Amino acid sequence: MHIDGDAFFASVEIAKNPSLRGKPVVVGKERGIASAFSYEAKALGITRGLPIYQIHKRFPQVVILPGDYISYTTYSEKMFDIVRRYTDNLEEYSIDECFADLTGWDKPLKMSYEKILLRIQNEIKEELDISVSIGLASTKVLAKVASKWRKPGGITLIPDNLVYEFLIKTPIEKIWGIGRRTSVYLNKKGIITAYDLAIKDEAWVTHILSKPYIEIWKELNCILVSKVDPRKKDTYASIQKTRTFYPPTSNPEMLMSQISKNLEGACSKARHYSLRASRVAIFLKTQEFRYYSCEISLLAPSNIPEIILPIVRKEFPKVFRSDRVYRTTGVTLRDLVSGEMRQESLFGEDKKDKKFEIIHKEVDALVEKFGVGVVHLASTNKAFRKQTRGATDTDDLDRNLLFL
DNA sequence: TCTGGGGTCCTAGGACCC
DNA sequence: TCTGGGGTCCTAGGACCC
């Protein structure tokens, strides 16, 4: 089974404040683009990623709200708990989607599968006042096709013997895991619908496509590749912080300062989860949306920006060129290891690390209490100043900054 | 669509080793 | 050295997802 919240963020906003029901609602004010919208807003022609200022101008009647991620998380957890009344084998796929394995539960529950889906959908509606669409099939890829079949509020079962009848009506680009690039590629090979792919033989598929797509092909043919995985995800493989700024710039100090801010943010999150990065990647994105990146191995895993920043600064010229104009910077911490640091270093950098660790314990507490940015690296200062419209260099003096 | 932010997984090719 | 064959590790980047 795959459950998908209908216009989830907007639905939660309406559940929180029912006077919004029936109105076009858009969430994403704080990001400057529409990240979710109600069906009424969709009917006006609003699409994902549409800039908020344009929505404001073109559709003044639209209610524009900032995202309230704490509420979304609460609703999400409640939704999953309702599903868990029927099976423990539930995989939380994203904030508004989950997979659950109902195999065999029809007998003990003394209900048909369809009845179970209906019950789940009703309980979510009654208790949370939000609508979901549900799909049921032999594999995750097919269950996703099913849940998308009729939105909002749909329930769709795809038994194995009817799979091809659904796939023949499904354009290949609608399949989970097949994006724009692969669709274009497959179209050129004569594959237009999901059915066209499903009926190819394995030799053809392995010759033409790589591993993830071979798995999709199997799942389209009811061969289960990806099991429902109920393990709660409690850690990260990587932590990324990025920021787009306006206007775009070629100024290396400005860019380094943005990277410094990215790094501080990423390290702060890593410390929160007791994770340390063994590698760190930085990237610059140009006006033309071209990425330039590089990756660096650290001598010892760290989550201390003061330790990592000098290393990053040394690598910065690898990605920077003064004749390019950049709009976004980003930092990714990877190869994260969890737990306390223990390893004694040969050259005693860990002593320095430990000192900063003590400082950061205090700084993290201050940030917790007073908000992001109350204490930050001097190297990040330019990036913070950038946020204030019309700021000038003399603002530094007004801010009465303390330097560590 | 002039396009935000946070993730995951996979592959090609180079460096290096025996 | 004008070089065979097999393997691992690392990095950049592609593609996709929500």
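Each chain gets a letter, A, B and so on, in the order the sequences are listed, and its residues count up from 1. This is a predicted model, so every value here is computed, not measured.
A:Lys318 comes within 4.0 angstrom of nothing in the nucleic acid, heavy atoms only. Among the heavy atoms of the strands lying under 4.0 Å from A:Phe289 is at least one base atom, whether or not backbone atoms are also near.
Within the structure, every pair that satisfies the salt bridge (charged side-chain N to carboxylate O under 4.0 Å, His left out) test and touches residues 70-84 of chain A, not counting sequence neighbours, is listed here: A:Asp81-A:Arg84, A:Arg84-A:Glu92. Among pairs with a residue in residues 296-305 of chain A, those fulfilling side chain to side chain donor-acceptor pair (under 3.5 Å) read A:Arg279-A:Ser297, at least two apart in sequence or across chains. Applying the ring pair (Phe, Tyr, Trp, His ring centres under 6.0 Å) test to pairs two or more places apart or on separate chains, those with a residue in residues 175-214 of chain A are A:Tyr93-A:Trp176, A:Phe99-A:Trp176, A:Tyr164-A:Tyr195.
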Would you tabulate the pairs of protein nitrogen or oxygen atoms and nucleotide nitrogen or oxygen atoms of nucleotides 9-13 of chain B closer than 3.5 angstrom?
from   : atom 1 : to       : atom 2 : distance (Å)
B:dC10 : OP1    : A:Lys211 : NZ     : 3.4

Extract from the structure each pairing of a protein N or O with an N or O of nucleotides 15-17 of chain B at less than 3.5 Å, listing the distance.
none

Anything under 3.5 Å between a donor and an acceptor, one on a side chain of residues 49-56 of chain A, the other on a protein residue two or more places apart or in another chain? List them.
from    : atom 1 : to      : atom 2 : distance (Å)
A:Gln54 : OE1    : A:Arg58 : NH1    : 3.4

Counting only pairs under 3.5 Å, give me each side-chain donor-acceptor contact of residues 2-23 of chain A, with atom names and distances, residues two or more places apart or in other chains.
from    : atom 1 : to       : atom 2 : distance (Å)
A:His2  : ND1    : A:Ser147 : OG     : 2.7
A:His2  : NE2    : A:Glu97  : OE1    : 2.8
A:Asp6  : OD1    : A:Ser133 : OG     : 2.8
A:Asp6  : OD1    : A:Lys151 : NZ     : 2.5
A:Asp6  : OD2    : A:Ser131 : OG     : 2.3
A:Asp6  : OD2    : A:Val132 : N      : 3.4
A:Asp6  : OD2    : A:Gly153 : N      : 2.9
A:Ser11 : OG     : A:Asp6   : O      : 2.6
A:Ser11 : OG     : A:Ala7   : O      : 3.0
A:Glu13 : OE1    : A:Lys16  : NZ     : 3.0
A:Glu13 : OE2    : A:Tyr72  : OH     : 2.6
A:Lys16 : NZ     : A:Asp68  : OD2    : 2.5
A:Asn17 : OD1    : A:Ser19  : N      : 3.3
A:Asn17 : OD1    : A:Ser19  : OG     : 2.7
A:Arg21 : NH2    : A:Asp129 : OD1    : 3.4
A:Arg21 : NH2    : A:Asp129 : OD2    : 2.8

Review item, side-chain donor-acceptor pairs of residues 39-48 of chain A, under 3.5 Å, at least two apart:
from    : atom 1 : to      : atom 2 : distance (Å)
A:Glu40 : OE1    : A:Ser38 : OG     : 3.3

Determine which bases of DNA chain B form Watson-Crick or G-U wobble pairs with both distances under 3.5 Å, and write the result as a 5' to 3' dot-bracket string with | for other-strand partners.
....||||||||||||||

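With sequence neighbours excluded, the residues that form a ring-ring contact (aromatic ring centres under 6.0 Å, His included) with A:Phe316 are A:Phe320.
Of the residues in residues 166-181 of chain A, A:Ile175, A:Trp176, A:Gly177, A:Ile178, A:Gly179, A:Arg180, A:Arg181 come within less than 4.0 Å of DNA chain C through at least one heavy atom, sorted by number. Of all the residues in residues 50-66 of chain A, not one reaches under 4.0 Å from DNA chain B with any non-hydrogen atom.
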